[in-house]
Novice: 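Structure incoming, see below.
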Amino acid sequence: MDASALPIGLIGDSSGPLYQRLAEGLRGAVRRGEVGAGSKLPSERVLARRLGVSRTTVIGAYRLLREEGLLESVRGSGTRVVASVHRIGPAVPAATMPSVKLTGELAAGVVDLSGSLVAGPEAVPHLTPDPIDLCEPATDLGYQPLGLPSLRARIAARYTGLGLPTTVDEVLVTSGAQQAISLLFTLFGRDGGVIATENPTYAGALDAARAAGATLLALPTDSEGIKVRPLRETLARSSVSLLYVMTTCQNPTGTVMSTQRRTEIARLAEHAGVPVVDDTTLADLAFEGRWHPLPTAASGVVVGSLSKLFWPGMRIGWLRAPRPLMTRLARLKVVADLGSSHVGQQLAAQLLPVSGDMATARRGQLTARLDLMSDLLRSRLPTWSWTRPSGGPFLWVQLPYGDGESFAQLALTYGVQILPGARTSTDRSFADHLRLSFVAEPADLRIAVHRLAEAWTAFESLHGSGRLPFDVVV
Ligand SMILES: Cc1ncc(COP(=O)(O)O)c(C=O)c1O
């Protein structure tokens with residue numbers, strides 16, 4: 001197909017990265033029959049020129065549609081729309097989290113700095129559970145959608161000890177913090193409900209909001225947290241249904257909200273009648289101090305997880321919410337999966353009492369790796385800048401120029417996977433940022449920074465010659 005034969009307006013008008021919007025436009029054109037089943041599409045280079053976008057954008061859009069089964073590429077004969085389009089079924093919003101490998105592993109030898117895996121299963125203290133103990137007798141058919149009472153009681157006691165009095169009825173166990181976020185966003189965000197987040201924010205929360213069909217509002221932040229004036233104006237102007245924040249170890253910036261800012265934000269939201277969700281998934285990784293509840297936490301929601309202290313593979317998270325809200329969230333949990341696995345919950349109940357010791361060990365490990373990563377970057381990439389995080393597994397790096405999405409593509413060809421800043425935002429405000437995890441083994445960090453420095457040298461010369469982003473081939 002000649003590129004000029006494609007319908008105009010191919011870039012969809014939803015929010016999100018350009019490649020996703022192009023995929024959305026192409027998907028629509030195929031479904032409306034404007035681009036027929038079996039048709040050959042223009043090459044990435046030609047379509048990029050025609051649309052005035054980077055070749056990386058077209059590569060990303062074609063890749064997404066191939067994953068959905070709508071396009072197929074045959075070496076030597078280009079990219080085509082599949083012949084039986086009607087069998088494909090509806091699309092789902094594209095995920096922004098590259099670290100979650102849905103369809104395959106990274107190429108051998110690639111160092112992955114894109115995720116936040118702090119520890120593997122070897123970090124789970126040696127447990128020898130008795131299989132009988134793992135089957136806590138169920139009072140009913142065996143389904144306990146809210147979670148096992150023994151685990152819920154331990155989570156409630158933990159919050160009470162941290163200054164947020166909590167009863168067992170106020171705790172719902174979820175399949176990781178991600179499901180807690182999804183349930184909340186489904187409840188508050190469906191039918192276009194407005195969810196306000198920090199900008200930048202956790203990429204998985206953006207995915208959950210998009211999947212729920214929510215309207216996203218991104219609030220500007222500084223080193224202390226969400227800026228107060230824009231929040232006040234937003235709450236006055238828009239009917240926000242939920243405010244999602246990470247007070248302690250924000251993802252991706254690693255900031256801890258100041259005491260004054262917490263108070264101001266909590267009061268403003270309370271005044272506007274907007275519940276605040278504090279996602280504390282990374283909070284145990286604060287280098288100093290510990291998590292404190294927001295002054296209004298009793299009427300809001302706290303999300304937590306064992307993924308970062310122990311192991312994401314356990315898929316144990318939770319939310320703490322007041323009872324009237326809990327009833328509705330529990331109904332959604334029933335619809336989602338009838339309740340999380342009892343076996344994982346039994347293990348979690350045994351691990352929770354040692355979580356304090358585990359947090360101390362993790363902090364020591366993380367600060368040592370942060371120091372190493374900072375030294376390596378300062379010596380090999382002196383033009384990159386960042387503020388030292390107050391906790392968590394990430395460095396939030398600003399490039400001196402250029403586009404993080406293109407650089408990430410190039411870095412992958414040099415053997416390092418990183419998260420481009422644009423994935424953490426609904427607008428382009430962080431296109432010049434990268435999120436680099438520093439939790440890998442020291443030897444891998446050294447290799448990764450060496451490769452990043454080589455990729456940056458190549459990027460600079462492509463940039464200087466004006467050949468970027470067209471010549472980045474993945
Ligand atoms: C801030 C934040 N929330 C939630 C999650 C999801 O965690 P879980 O593995 O518990 O689903 C992550 C994972 O990295 C995260 O960083």
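All values below come from the heavy atoms of this structure, side chains included, with hydrogens, waters and symmetry mates left out. Ligands are counted one by one from 1 in listed order, and the atoms in each one are counted from 1 as well.
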Novice: Any side-chain donor-acceptor pair under 3.5 Å between T281 and D279?
Specialist: yes
Novice: Should you measure from each heavy atom of D279, which atoms of ligand 1 turn up under 4.0 Å away?
Specialist: 1 (C), 2 (C), 3 (N), 4 (C)
Novice: Evaluate S305 for polar contact with ligand 1, using N/O atom pairs at a separation under 3.5 Å.
Specialist: yes
Novice: Any side-chain donor-acceptor pair under 3.5 Å between N199 and S429?
Specialist: yes
Novice: Evaluate the side-chain proximity of T247 to R262: yes if any heavy-atom separation is below 4.5 Å, no if none is.
Specialist: yes
Novice: Regarding ligand 1, does N251 bring an N or O atom to under 3.5 Å of one of the ligand's N or O atoms?
Specialist: yes
Novice: Provide the number and element of each atom of ligand 1 under 4.0 Å from a heavy atom of R315.
Specialist: 8 (P), 9 (O), 11 (O)
Novice: Could you tell me whether the side chains of S258 and E224 share a donor-acceptor contact shorter than 3.5 Å?
Specialist: yes
Novice: If only side-chain N and O atoms count, and only distance matters, is there a donor-acceptor pair under 3.5 Å linking E170 with T167?
Specialist: yes
Novice: Within the 4.5 Å heavy-atom criterion, are Q345 and Q144 side-chain neighbours or not?
Specialist: no
Novice: May I ask you to check whether A177 has an N/O atom sitting below 3.5 Å from an N/O atom of ligand 1?
Specialist: yes
Novice: S307 to ligand 1: N or O pair under 3.5 Å?
Specialist: yes
Novice: For atom 14 (O) of ligand 1, which of the options M246, Q178, Q179, K308 provides the nearest non-hydrogen atom?
Specialist: K308
